> 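Handing you a structure now.
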Amino acid sequence: MCGIIGYIGTRDATPLLIEGLRRLEYRGYDSAGIAYLSEGRLKIQRAVGKLSSLEAVLSRDLSPSHLGIGHTRWATHGKPTEENAHPHRAGAIALIHNGIIENYRVLRDTLVASGRDFSSETDTEVIAHLIDRRYQTGVSFKQAVSETLTQIEGSFALCIICEDEPQQMIAVRRGSPLTIGMGSKEFFVASDVQAFVAQTSEAIFLDDGEMAHFSDNGVCFYDAEGRSQSKQATTLSHDQSFTGKGTFRHFMQKEIHEQSRAIMDTLFGRVSQQAEAVCPDDLIQAAPSLGKVDLARSRRILLVGCGTSWHSALIGKFFFEAIAGIPTEVDIASEFRYRNPPLSKGDLLIATSQSGETADTLAALREAQIKGVQTLAICNVVGSTLSREAGRVLYTRAGPEIAVASTKAFTTQLVAFFLLACFFGQTRKTLPVKLRKQLVRELLAIPHKIDILMAQEQAVATIAKQYFRCRDFLFLGRNLHYPVALEGALKLKEVSYIHAEGYPAGEMKHGPIALIDEHMPVVVIVPRDHVREKVISNIMEVKARDGKIIAVTHGDDAEAAALADAVISTPEVSPYLSPILTVIPLQMLAYHVALLRGSDIDQPRNLAKSVTVE
Ligand code: AGP
């Protein structure tokens, strides 16, 4: 939510800022802006809408600079207008912000009463005024920033420059993520390493409350109390680097197609082909200080996540209960925190997140840690706040996911949950050896089955042509496929703006059946397992009311095909693993419907990839 970038060094700053913003645009695209110091003057340019609007403005007037900041906005306080776009300026100070200042009203009223004029409706502008007010009393730039931080409440990542200090830049974080790129005689500040990974592979992750002060002497780090810190740089691996769309029209389509490769990476080194078992050594990375904790002995598992990550957790519950025999509860992260759940020492909380920066998921993790519960992250982004704070992490290795709508993050999370459940089942001896070997074999065959499934894309596109003008969609599934139905509906909503609902098929008769008529397409996932007959009955109920059935089947399913208006078949696989395959046609359907409706697929309206506010 909002992307921020800063640069100080020997090169021309603005092209680097624009390139960084391009890589951060997935975090918000309501407006974009930059501020830079050129010939001793602070210059600010901003534009409503995507980065391309800013670029159009910039091309008219750009002077060289070695210091600058840039921002791409997801609006929280104030509409997406040029006045509300960052950077914000007060006096000599210009800054960019990701987060929310909770006490901004009180601060703003006080500042207005003292004669300060505001030019935006944002919470951010108060910070610029507060720093400037301190700075005008004669204290140093750094001191003015430090003193201001004691006044503001909420979450923030800030990057601040000062017109009088051309050799200085300050970055600080509380709650929102911030990383520092360490180049040769140059430094980057960014919400995410993607912004600078093409320039330098050496990164330092700021911890909560920390500040980085850049000056003639290089960079100095300080903790929340202002004590000097020494920080270790991490070398970023190649798979964290941003890649283009290749031959695909959109990142979403590319990422759907990457799922086979992504799952191979998730499995790499974690499954022994010879022993047909899960290898624990490569599975979970733990901070050395945590020692060897036998997570498999947990008495209860609590899964938390948001959106797509919550859907994968709903399927993870099935894995942990059926394979490892561990009672498992699933919460939407934003609900978990406020319902004050009773937790005990034998619990294990697994926080799941693609980005590792989702504010609600982080809050749930922290809540569990305060209550003394063991925690583990299932996460894609290496070095993200969640992966560092959880102490233990199972990386999904999906590679950068750029499209706002999650696709490969979901399927790799399912594989991660499955590996973990099998490992726990192995350790607890709840997973019979014969079944374990069969499941591991099937798991290893999944990437190939996804490759086969990709050949269905044209058939899915044809179905999309028939239904893309519909106003509503219903998605039905049972058991493991109920979360798949939720995920199919979420994908369609996000990228096509069609109203869609996911429902447990058995629940349809308790309400949603009232919605069904000849205009309503109903996507039904038809399994091969013990609930198959029930699902067939649900299809009959829809047909009796003239609803249109789009069936997602396992292998060739003549019975379902005879009942359906359209069929997409997925390769046959163990019922446990089938959600990994059945979700893919739903991702494709959402993509092709959105394509026909002409929506902005990779950057749908109102959304942001990384939701760093509560
Ligand atoms: C997925 O398509 C969504 N854009 C969204 O629901 C997302 O899954 C959610 O915001 C959680 O993100 P995370 O996995 O990065 O925590």
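In each ligand, atom 1 is the first atom listed, and ligand 1 is the first ligand listed. Since this is a predicted model, take the numbers as computed values, not measurements. Numbers for residues simply follow the sequence, beginning at 1.
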> What is the closest protein heavy atom to atom 10 (O) of ligand 1, and at what distance does it sit?
Val611 CG2, 3.8 Å
> Using a strict 4.0 Å cut-off to heavy atoms of Thr308, name the atoms of ligand 1 that fall inside it.
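Once the distances to Thr308 are compared, the set is 1 (C), 2 (O), 6 (O), 8 (O).
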> Give me the nearest non-hydrogen protein atom to atom 11 (C) of ligand 1 as residue plus atom name, then the distance to 0.1 Å.
Cys306 O, 3.3 Å
> In ligand 1, which numbered atoms sit nearer than 4.0 Å to a non-hydrogen atom of Ser406?
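In order of numbering, the contacting atoms are 1 (C), 2 (O).
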> Using ring centroids (six-membered ring only for Trp), state whether His97 and His77 fall under 6.0 Å.
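Here the rings of His97 and His77 have centres that are no less than 6.0 Å from each other.
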> Go through ligand 1 atom by atom and flag the ones less than 4.0 Å from a non-hydrogen atom of Ser309.
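It comes down to these atoms of ligand 1: 8 (O), 13 (P), 14 (O).
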> What I'd like to find out is whether the side chain of Tyr497 reaches to under 4.5 Å of the side chain of Asn606, using heavy atoms alone.
no
> Between Ile4 and Ile69, is there a side-chain heavy-atom distance shorter than 4.5 Å?
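Side chain of Ile69 against side chain of Ile4, heavy atoms only: no contact under 4.5 Å found.
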> For ligand 1, which atoms have a heavy atom of Ala405 less than 4.0 angstrom away?
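Here the atoms of ligand 1 in question are 2 (O).
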> Taking the side chain as every heavy atom from C-beta outward, state whether Arg388 and Asp207 have any atom pair closer than 4.5 Å.
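Side-chain contact under 4.5 Å: yes.
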> I'd like to check which ligand 1 atoms, numbered from 1 as shown, lie under 4.0 Å from a non-hydrogen atom of Ser355.
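Heavy-atom distances to Ser355 below 4.0 Å select 13 (P), 15 (O), 16 (O).
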> Closest non-hydrogen protein atom to atom 12 (O) of ligand 1, residue and atom name please, with distance?
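It is Thr358 OG1, 3.5 Å.
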> Is the shortest distance from a Lys or Arg side-chain nitrogen in Arg173 or Asp208 to a carboxylate oxygen in the other one below 4.0 Å?
yes
> Salt bridge check: are Asp347 and Lys371 linked by an N-O gap of less than 4.0 Å?
no
> Which bit of Glu494 gets closer than 4.0 Å to ligand 1, counting heavy atoms only: side chain, backbone, both or neither?
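The side chain, only.
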> Atom 6 (O) of ligand 1: which protein heavy atom is closest, and how many Å away?
Gly307 CA, 3.2 Å
> For Ala608, is at least one N or O under 3.5 Å away from an N or O on ligand 1?
no
> Regarding Arg397 and the six-membered ring of Phe268, is the cationic atom NZ or CZ under 6.0 Å from the ring centre and inside 45° of its axis?
no
> Looking at every non-hydrogen atom in both residues, tell me the closest pair between Ala416 and Thr396 and how far apart they are.
CB-CG2, 4.1 Å
> Work out whether the distance between some heavy atom of Lys491 and some atom of ligand 1 is less than 4.0 Å.
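Heavy atoms of Lys491 do come under 4.0 Å of ligand 1.
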